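Worksheet: one structure, shown below.
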Amino acid sequence: MFRKNITLIVAGLLLATTLTACSPKTNVNKAEAEKIEESVKTNKEVEEKNTNEENRGKKVAIEEIKNYFDVDIDSTYELKANYYDYGDDSKYHQYLFWNDSSTFDIRVSEKEDNAFYLKQILPEKNNGKSLNKDEAEALSKEFIKDKLGDKANKLVLVDTSYEVEKNTDNIEFYVFEYNLKDNESSGVFIKVDCYNNYITEITLFN
């Protein structure tokens, strides 16, 4: 009788184990665990990809600052990087470099080897005489010729606008739009700081 009871107890435990292993709840928990594991794996892959892209863009930004502004970014500069995603046609990293002497805002689209927007802010050195329109235009043309190489010969000035200083009628910036001769949808905007006599923004478009 005792042996029979033992046999029944063992059989019951085996049955319970089998039912638990085959229960829908257990299968659901396993599926959820696998789903979470896959999600974590995917997030790590995305994070690694974004980190690689950010580092690549940073190198591009540093090279572009050297090319356009003749400045070497060294350890004296602090850096803040931001990522913006406005859809397939507009995903880019923004790199802000600054120290006690200057600030740079450089924006690099994903998978591109050039920046599409570059801005430099230098200490004010206004000597009391601001550039007029002709002088600012001459400065923009000189910059294009010096920095854009062969492309400069294919660009034509198509529009000029200006921005006034806050709460005044004084023109603080002139903005010159240059288009390719054979492609009006491709070109560059050059923004000139009239007070401090330098190119403060470059926006390239295609």
Side-chain angles (χ1 to χ4, degrees), residues 31-123 140 143-155 158-159 161 163 173 175-193 198-206:
E32 286 296 325
E34 291 175 348
K35 184 178 180 180
I36 292 172
E37 182 180 0
E38 184 63 29
S39 176
V40 170
K41 180 180 178 182
T42 300
N43 288 338
K44 286 183 178 179
E45 291 174 350
V46 171
E47 184 177 344
E48 183 178 352
K49 177 184 177 183
N50 290 341
T51 299
N52 291 338
E53 180 61 27
E54 180 179 314
N55 290 335
R56 185 200 66 82
K58 177 184 173 182
K59 292 179 181 179
V60 171
I62 291 174
E63 290 174 0
E64 292 287 70
I65 292 172
K66 176 65 175 178
N67 293 338
Y68 282 98
F69 304 123
D70 299 319
V71 173
D72 290 312
I73 298 297
D74 55 27
S75 59
T76 66
Y77 284 86
E78 295 188 58
L79 167 64
K80 178 177 175 58
N82 299 307
Y83 178 68
Y84 297 91
D85 182 353
Y86 297 110
D88 292 340
D89 295 332
S90 185
K91 296 179 181 180
Y92 65 89
H93 279 91
Q94 175 195 46
Y95 301 90
L96 300 172
F97 298 90
W98 72 92
N99 63 11
D100 292 337
S101 63
S102 56
T103 299
F104 297 95
D105 176 353
I106 313 297
R107 303 176 191 183
V108 182
S109 294
E110 283 191 340
K111 301 177 182 178
E112 294 292 333
D113 293 327
N114 304 99
F116 68 89
Y117 176 86
L118 308 98
K119 180 177 183 178
Q120 65 170 337
I121 302 174
L122 303 177
S140 73
F143 182 86
I144 287 175
K145 183 179 180 180
D146 183 40
K147 301 301 181 181
L148 296 185
D150 294 338
K151 187 176 182 179
N153 297 325
K154 303 175 183 178
L155 292 169
V158 296
D159 189 41
S161 58
E163 299 175 15
F173 303 102
V175 181
F176 302 95
E177 179 184 354
Y178 293 87
N179 288 354
L180 289 179
K181 295 176 182 178
D182 56 352
N183 184 4
E184 63 180 16
S185 64
S186 181
V188 59
F189 289 97
I190 303 294
K191 186 173 182 177
V192 179
D193 184 327
Y198 71 93
I199 306 300
T200 184
E201 288 182 35
I202 306 154
T203 305
L204 298 115
F205 60 93
N206 294 311

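Everything quoted here is computed from the prediction, not taken from an experiment.
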Keeping [X] on the side-chain end and [Y] on the backbone end, is there a donor-acceptor pair under 3.5 Å?
X      : Y      : answer
Glu64  : Ala115 : yes
Glu53  : Lys111 : yes
Ser185 : Asn206 : no
Asp150 : Asn153 : no

query: Does Tyr92 have Arg107 sitting over its ring (NZ/CZ under 6.0 Å from centre, angle to axis within 45°)?
result: no

- request: Classify the angle between the aromatic ring planes of His93 and Tyr83 as parallel (below 30°), tilted (30 to 60°) or perpendicular (above 60°).
  value: tilted

Parallel, tilted or perpendicular: ring planes of Tyr86 versus Tyr84, cut at 30 and 60 degrees: parallel

Nearest heavy atoms of [X] and [Y], plus distance in Å:
X      : Y      : result
Tyr198 : Leu122 : OH-N, 3.1 Å
Pro123 : Ser101 : CD-O, 2.8 Å
Leu155 : Ile144 : CD1-CG2, 3.9 Å
Tyr77  : Asp72  : CE1-O, 3.9 Å
Ala61  : Phe97  : CB-CE1, 4.1 Å

task: Among Leu148, Ile199, Ile106, find the residue that satisfies the side chain to side chain contact (heavy atoms under 4.5 Å, CB included) test when tested with Tyr68.
output: Leu148

[Y]/[X] salt bridge by N-O under 4.0 Å criterion:
X      : Y      : answer
Arg56  : Asp113 : yes
Lys80  : Asp105 : no
Lys191 : Glu163 : yes
Glu63  : Lys66  : no

message: What I want to check is whether the side chains of Tyr117 and Glu201 have a donor and an acceptor closer together than 3.5 Å.
response: yes

task: Show your reasoning for whether side-chain contact (heavy atoms from CB on, under 4.5 Å) applies to Asn82 and Leu96.
output: CA-CA 8 Å; Asn82 299 307; Leu96 300 172; 4.3 Å; yes

message: Thr200 vs Lys119, test: side-chain contact (heavy atoms from CB on, under 4.5 Å). Steps then yes/no.
response: CA-CA 5 Å; Thr200 184; Lys119 180 177 183 178; 4.3 Å; yes

query: Hey, mind stepping through Asn114 and Leu204 against side-chain contact (heavy atoms from CB on, under 4.5 Å) and telling me if it holds?
result: CA-CA 10 Å; Asn114 304 99; Leu204 298 115; over 6 Å; no

- prompt: When rounded to the nearest 0.5 angstrom, what distance separates CZ in Phe189 from OG1 in Thr203?
  reply: 7.5 Å

Counting only heavy atoms not in [X], do more than 12 fall under 6.0 Å of its [atom1]?
X      : atom1 : result
Lys58  : NZ    : no
Asp100 : CG    : no
Lys154 : NZ    : no

- prompt: For Phe205 and Phe116, what are the C-alpha separation, side-chain angles and deciding distance, and is it a ring-ring contact (aromatic ring centres under 6.0 Å, His included)?
  reply: CA-CA 7 Å; Phe205 60 93; Phe116 68 89; over 10 Å; no

Working for side-chain contact (heavy atoms from CB on, under 4.5 Å), residues Leu118 and Phe69: CA-CA 10 Å; Leu118 308 98; Phe69 304 123; 4.0 Å; yes

